[in-house]
Amino acid sequence: MEECCSTKPKNDHKHDHESHDHDHSHDMKDQSVIQMFLPALFSFILLLIGISLDHFVKPDWFTGWIRIVWYLVAYIPVGLPVLKEAYESITHGDVFSEFFLMGIATVGAFAIGEYPEGVAVMLFYSVGEVFQGIAVTKAKTNIKSLLDQRPDEVTVIQDGKPQTVKAEKVTVGEIIQLKSGEKLGLDGELLSETASFNTSALTGESKPDTKTKGDIVLAGMINLNTVSRVKVTAAYKDSKLSKILELVQNATTQKAPTELFIRKFARIYTPIVVFLAIGITLLPYLFVKDYQFSDWLYRALIFLVISCPCALVISIPLGYFGGIGAGSRNGILFKGSNFLDLLANIQNVVMDKTGTLTEGVFKVQEVSFKNDANKDEILKLVNALESKSSHPVATAIHEYVGEVDHSLQLDNVEEIAGHGLKASINGKELLVGNLKLMDKFNISYAINGENIVYTLIAVAYDKKFTGYLTIADSVKPDAQLAVNKLKTLNVKTTMLSGDKASVVKHVADQLGIANAYGDLLPEDKVNKVKEIKSKRETVAFVGDGVNDAPVVALSDVGIAMGGLGSDATIETADVVIQDDKPGKIPMAINIGKQTKKIVWQNIILAFAVKAVVLILGAGGLATMWEAVFADVGVALLAILNAVRIQRMTFT
């Protein structure tokens, strides 16, 4: 797989990766499947005809130089590209590459007259390369099609007229006109009063998202109704989508420990194998009677083909790439394969409350008025008064009650800091706020605020306590499912929050989280995570990635909710969950576990088969055909196993 390297540090828990001097690309997106297989198909047909002429037809003319040329023509289409790669590897200082091994093994087979075996080894190796190329290209295409949702052209208003221009040439501050059904090409601020967008390409959320004037809208969103106007706030290359796309495409630069080990292993293992093959060829001369150079050279060539580490160096990175692709398909962005490994072994998930397990938006939870009060009438008055405030509580009440009745005449509206709102209507005093506001105006009430979990909004009208509303952040629909799934994965959950302890306890009780702590400052959260890590247990922290930066840095894996909302989140988190759904937390862990499982299956398969056939080959009991299976056959099986994860369904 072609890899790009970066040494940019993030957190202290990142793993460095090595740069490779030479690596060949398996990205074949510019070729059709037929074009990719054409050289192998040509060689395969010539090989089959040659074997038929050798063993069945046996014509007199198929001997000598004609036979050699026949197999040489069959060898060139599949062998020449590999020999070229071997030469390029050597010029880059990487002598003992898989190409070098395959090259000397097949050229050696020709040298001792084993022409069909030489062609077969290179043919099946080339077929394996094509399959790997298809798998890598498919994974990259899937990721790109899922994330790169931006149109190439946009309509910009210039001198009052719409003009179609390339999206990458649009500058910050320009106005885009977006027709119904069109995708937004750049991030911006909505100038129209209201617009409804389909955000499924970005978040996976199918229901329309209604935006109002001044709201931020992102590249990739689809305008659903009327023509809208958007003021561009970020250049094409700086959009959230561009950053996320770059993040995923470069995710393979952060290597998993298993992947790094195999790379290092192959670099030490390959030269050892070459020298062992030389030993197998020459040393028997000193100990064996009737020594025949060609016999021992054939054994050495078999040994070389079997020992080629391509099954490992191909399938393992491909397995991790598949895991990253599977995550992207489900709206989970991994910044590197090392985080797949870390998540597979995670023992604790520590979560922030607001915005992670709860919506982060206040909603009315309860309305309790006296029996003799006209509930609807009082709520209309409260809604009219709260419309004079920009406090989140006012927004929650407005959403609950509905449109403001502007026929109501409010006089002497006053906002009393830390208490609430006061106004006069029809000559009567209206108070909406906390219990301290009631105390300030000597309004008697018969409730105990300490026994009420949520934020309490008391209402008094005409000098009498009328009742109260409670406002709270609601739990996300799939939060309960997320906690339950984490338990089935034997992962312990902890909730940390700066919110008041009674609210935190209430949410924790709802979700069945035993360890929950409220009234915490950022340093308190750090201490709680240190406490868990002191038990030598791994920790993933889930939060916004900005306010909780110290905890993210301390944790083994930092997971950000709502990555589309914050550049800082994308930069600091190790894993970004695009659609804010806590249910994606256990899904990410499960993807990590399945990826690691497949990688180790491939390692065990490759080593087991190679060990058996290596022993047989050194003892003269295996032919070049067994060698082909031990190398190319195992590589193909490993590739097919690695791409399985891209087809798995995760819930």
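For clarity, every value in this text was computed on a predicted model and none was experimentally measured. These numbers come from the heavy atoms of this one structure, side chains and all, not from hydrogens, waters or symmetry mates.
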Point-to-point distance, once rounded to the nearest 0.5 Å, from [atom1] of [X] to [atom2] of [Y]:
X	Y	atom1	atom2	value
Glu386	Leu421	CD	CG	5.0 Å
Thr493	Asn484	OG1	CG	9.5 Å
Tyr461	Glu429	OH	CD	11.0 Å
Ile332	Asn590	CD1	CG	9.5 Å

Using a 6.0 Å cut-off, check whether atom [atom1] of [X] has over 12 heavy atoms from anything other than its own residue.
X	atom1	result
Lys487	NZ	yes
Glu523	CD	yes
Lys440	NZ	no

Does the pair Asp509/Lys505 count as a salt bridge with the N-to-O cut at 4.0 Å? yes
Measure the shortest side-chain to side-chain distance between [X] and [Y] over non-hydrogen atoms and say whether it is less than 4.5 angstrom.
X	Y	result
Asn434	Leu437	yes
Lys525	Val350	no
Leu489	Lys593	yes

Residue from Ile176, Leu178, Ile157 passing side chain to side chain contact (heavy atoms under 4.5 Å, CB included) with Arg229: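 For Arg229, the side chain to side chain contact (heavy atoms under 4.5 Å, CB included) check succeeds only for Ile157.
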